[in-house]
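Accompanying notes for the structure given below.
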Amino acid sequence: MSENVRVRFAPSPTGRLHIGGARTALFNWAYARRHGGKFILRVEDTDRERSTAEFESAILEGMSWLGMDWDEGPVVGGDFGPYRQSERLEAHLEVAEELEKGGHAYRCFCTSERLGELREKQIATKQTAAYDRKCTALTQDEVTHNLAAGLPSVLRFRVPEGETKFTDEIRGDVSFSNKEVDDWIMLRADGSPTYNFVVVCDDSAMKITHVIRGEEHLTNTPKQVLLYRALGLEAPSFAHLPLILGTDKKKLSKRTGDTALDDYRERGFPPEAVMNFLCLQGWALDGETEVFSIDQLAKNFAFSAVSKGGSVFDLQKFLWLAGEYTQKGELEALVERAKPFMVSAGLMTQAELSERGEWLKAAIGSVQERVRIYSEIPEQLAYLFATDAEVVYDEKAVKNAKKRGVDAMSNYFEWVRPRLESSSTPAELREETRTWIGENGFKFPDLFQPLRCALTGAAGGPDLFDVMELLGPESSLARIQHGLSRLVDSE
RNA sequence: GGCCCCGUCGUCUAGUCGGGCCUAGGACACCAGGUUUUCAUCCUGGCGACGGGGGUUCAAAUCCCCCCGGGGUCACCA
């Protein structure tokens, strides 16, 4: 049974990839990999108005960024193509005709106005909103006549009597009374097919065995199951994933925070962390392990470990997880990932990136353990690019410095000048300075607080001897000198 | 409102199927302490939940019923 698993992710290219969609893709991908099956990508571009090629390629790119690959779909092809829904129209229309001939579908000439009124009335009288089947009373002759007269019409699915049940892989048995299922529209007045119709056509044509999607599709499922039955086909298994919620506990929307995968990518979240965090929304590897790789996901994913309830998206935990990757990963890799952020922040040019490669590596190394996302790197390194006379002093840094006064730094300046210029190593200078502090009757903060402010303008940060190394002797001394006057005066 | 789904710390979750090993475990956040020149990291400790009420049972977070609460969905969008 697990031999021929075929699952699919079917995004519609009408916008950027939503993080909920990205998670759905990840779970589909993982299920396929876990069971040695195929992961298929199908682009649902039937909404011709809003679909664009740009969105489509951005979605594919986002999926690759997260570490997914697909066995069939755009770019890679496959035996069940085409993989763009708009190119499958002919097949859809054939199925529609077959259904109409077989009596499973019927023409409806009702106007949208009448339908709108009907719906309002039903909701007002607290009934299930559904088509009242007025047009099922039409005789074959009347239908033919109307069609010949050019009256606009849609094709509706004829929902049979009874009850529709299916077993959801995550929720267990679910059943709907067919009375609650609308005689939904398969073909619009312009002849184009609708979602619920094409999804079944394509899933069956592509031999999809498991439909893994968001819970918002749960109420679509009986419509689709009924359609499979009318087609004489066995329905696939369904697995409805819990929703990702905003802090208001409602389906995550732009109101509550960034919803597009690219928003996080642009903010410098490591892709491994995004993958990891998205999976943690609704799935647990073992209840203990928080940090895991995409390979571990592929080896361990199972429906039984997927939660039923929605999960609130917690940015704090997301940032923490991002930090696990940036702080504990290789410095070389971090440097590569950080480079574009240095450029876009306006700190360095493309040319400087390579000219000052070693220096940049040291600079990033100095902040690695205190950044979580890549965009924080230029923020924390900005002081290195300031003009010596105009280092931006943080309020707290000034407060800390003034509490200690500049006596220590003033004496230290004369002492350290020759040592900086003779290029002693940070480690040597650190030891010598500690001795100097003791010999001169100061306490560590007496020197370090004002020195930190003068050098970096910040209240916290990397070891000051590393900072001076990055700054170089000239700049270091200049900053100390400016600090001496700035910290005494007005500021 | 109809229908459907869901309900363990503030948040993500383990435990629920096959009741006892649960004085309910882990993580984020928060609080306190230690380490550090500072910040961060790291270490230690703390705070903190089975929505409510009835059953069944020697025993219930786990099984049954009712209530309450939250969400999803009701398109010629997907």
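Order of the sequence lines sets the chain letters (A, B, ...), proteins ahead of strands, with each chain counted from 1.
Ranked by how close their nearest RNA chain B nucleotide is to the 5' end, A:S175 and A:K328 are led by A:S175. Nearer the 5' end of RNA chain B, as judged by each residue's closest nucleotide, is the contact made by A:T289, out of A:K396 and A:T289.
Nucleic acid contact for A:G309: sugar-phosphate only, since backbone atoms but no base atoms lie under 4.0 Å from a heavy atom of the residue. At a threshold of 4.0 angstrom between heavy atoms, the contacts of A:S304 with the nucleic acid are absent. Residue A:L218 is in sugar-phosphate contact alone, with no base atom involved, counting any heavy-atom pair closer than 4.0 Å across all strands shown. If you check every strand for non-hydrogen atoms under 4.0 Å, A:C279 touches nothing. Contacts of A:N220 with the nucleic acid, taken as non-hydrogen atoms under 4.0 Å apart, include base atoms. If you check every strand for non-hydrogen atoms under 4.0 Å, A:G323 touches nothing. At the heavy-atom level, A:V174 lies under 4.0 Å from the strands shown only through sugar-phosphate atoms. Within the nucleic acid shown, A:A284 comes within 4.0 Å of sugar-phosphate atoms alone, with no base atom in reach, counting heavy atoms only.
Taking atom CZ of residue A:F292 and atom P of nucleotide B:A27, one finds them 16 Å apart after rounding to whole Å. The separation between A:K249 atom NZ and B:U11 atom P is 4 Å, rounded to whole Å. If you measure from atom CG of A:L321 to atom P of B:C12, you get 15 Å, rounded to the nearest angstrom. Atom-to-atom, CD of A:E49 to C1' of B:A75 comes out at 16 Å; the value is rounded to the nearest Å. Rounded to whole Å, the distance from CG on A:D314 to C1' on B:C12 is 7 Å. Straight-line distance from the CG atom of A:D202 to the C1' atom of B:A78: 13 Å, rounded to whole Å. The CD atom of A:E324 sits 15 Å away from the C1' atom of B:C12 (whole-angstrom rounding). The distance between atom CZ of A:R434 and atom P of B:U36, rounded to the nearest whole Å, is 9 Å.
A side-chain donor-acceptor contact under 3.5 Å links A:Y106 and A:D183. A:D202 and A:H92 are linked by a side-chain donor-acceptor pair at a separation below 3.5 angstrom, with hydrogens and angles left out of the test.
Comparing the P positions of B:C47 and B:C68 gives a spacing of 35 Å, expressed to the nearest Å. Separation of the P atoms belonging to B:G55 and B:U62 is 15 Å when rounded to the nearest angstrom. Look at the P atom in both B:C17 and B:U35: the space between them is 48 Å, to the nearest Å. Across the C1' atoms, B:C66 and B:G25 are found 32 Å apart, a figure rounded to whole Å. A distance of about 9 Å separates the P atoms of B:G51 and B:G7, rounded to the whole Å.
With A:H240 as the partner, the side chain to side chain donor-acceptor pair (under 3.5 Å) test is satisfied by one option alone out of A:E216, A:H217, A:R171, A:R213: A:R213.
Atom OG1 in A:T194 sits 7.5 Å away from atom CD1 in A:I185 (nearest 0.5 Å). Atom CG of A:L93 sits about 10.0 Å away from atom CG of A:L155, to the nearest 0.5 Å. For the atom pair CZ of A:F465 and CG of A:L451, the computed distance is 7.0 Å after rounding to the nearest 0.5 Å.
Applying the Watson-Crick and G-U wobble criteria (two distances, each under 3.5 Å), B:C30 pairs with B:G46. Here B:G1 sits opposite B:C74 as a Watson-Crick or G-U wobble pair (both hydrogen-bonding atom distances under 3.5 Å). In a base pair of the Watson-Crick type (N1 to N3 plus N6-O4 or O6-N4) or a G-U wobble (N1-O2 and O6-N3), with each distance short of 3.5 Å, B:G20 is matched with B:C58.
In the set B:A78, B:A27, B:G25, the nucleotide with an atom closest to the side chain of A:W320 is B:A27. Distances from the side chain of A:F176 to the nucleotides B:A78, B:C3, B:C12 place B:C3 closest. Comparing B:G72, B:U11, B:G2 by their nearest atom to the side chain of A:T128 picks out B:G2. For A:S307, the side-chain atoms get nearest to B:A14 when compared with the rest of B:A14, B:C3, B:C28. Among the nucleotides B:G2, B:A78, B:C4, the one closest to any side-chain atom of A:N196 is B:A78. The nucleotide whose nearest atom lies closest to any side-chain atom of A:E369 is, among B:C28, B:A40, B:C42, B:A40. Taking every side-chain heavy atom of A:L115 into account, B:C76 is the closest of B:C76, B:U36, B:G2. Here the side chain of A:K251 is nearest to one of B:U73, B:C6, B:G25, namely B:U73. Taking every side-chain heavy atom of A:E44 into account, B:A78 is the closest of B:C12, B:A29, B:A78. Nearest to the side chain of A:V312, among B:U11, B:C76, B:A29, sits B:U11.
Taking the six-membered ring where the residue is Trp, A:F313 and A:F277 present perpendicular rings, their angle passing 60° and hence far from 30°. Taking the six-membered ring where the residue is Trp, A:Y264 and A:F269 present perpendicular rings, their angle passing 60° and hence far from 30°.
OP1 and OP2 of B:A78 both lie 4.0 Å or more from every side-chain N or O belonging to A:R50. Distances shorter than 4.0 Å separate some side-chain N or O of A:K250 from OP1 or OP2 on B:G71. In this structure, A:R171 does not reach the B:C17 phosphate: none of its side-chain N or O atoms is under 4.0 Å from OP1 or OP2. Phosphate proximity of B:U11 to A:T247: absent, as no side-chain N or O sits under 4.0 Å from OP1 or OP2. The phosphate of B:C76 has neither OP1 nor OP2 within less than 4.0 Å of any side-chain N or O from A:S192. For A:K223 and B:A75, the shortest distance from a side-chain N or O to OP1 or OP2 is not below 4.0 Å.
A salt bridge between A:D203 and A:R8 is present, with a side-chain N of the basic residue lying under 4.0 Å from a carboxylate O of the acidic one.
The side-chain ring of A:H217 is not stacked on the base of B:G72, judged by centre separation under 5.5 angstrom and plane angle under 30 degrees.
The nearest pair of heavy atoms linking A:F303 to A:A239 is CE2-CB, 3.6 Å.
By the 6.0 Å contact criterion, CD on A:E97 is open, its count of non-hydrogen atoms from other residues, nucleotides or ligands being 12 or less.
With hydrogens and angles ignored, no donor-acceptor pair under 3.5 angstrom links the side chain of A:Q122 to the base of B:G2.
Of the residues in residues 441-459 of chain A, those lying under 4.0 Å from RNA chain B by heavy-atom distance are A:F444, A:F448, A:R452, A:A459.
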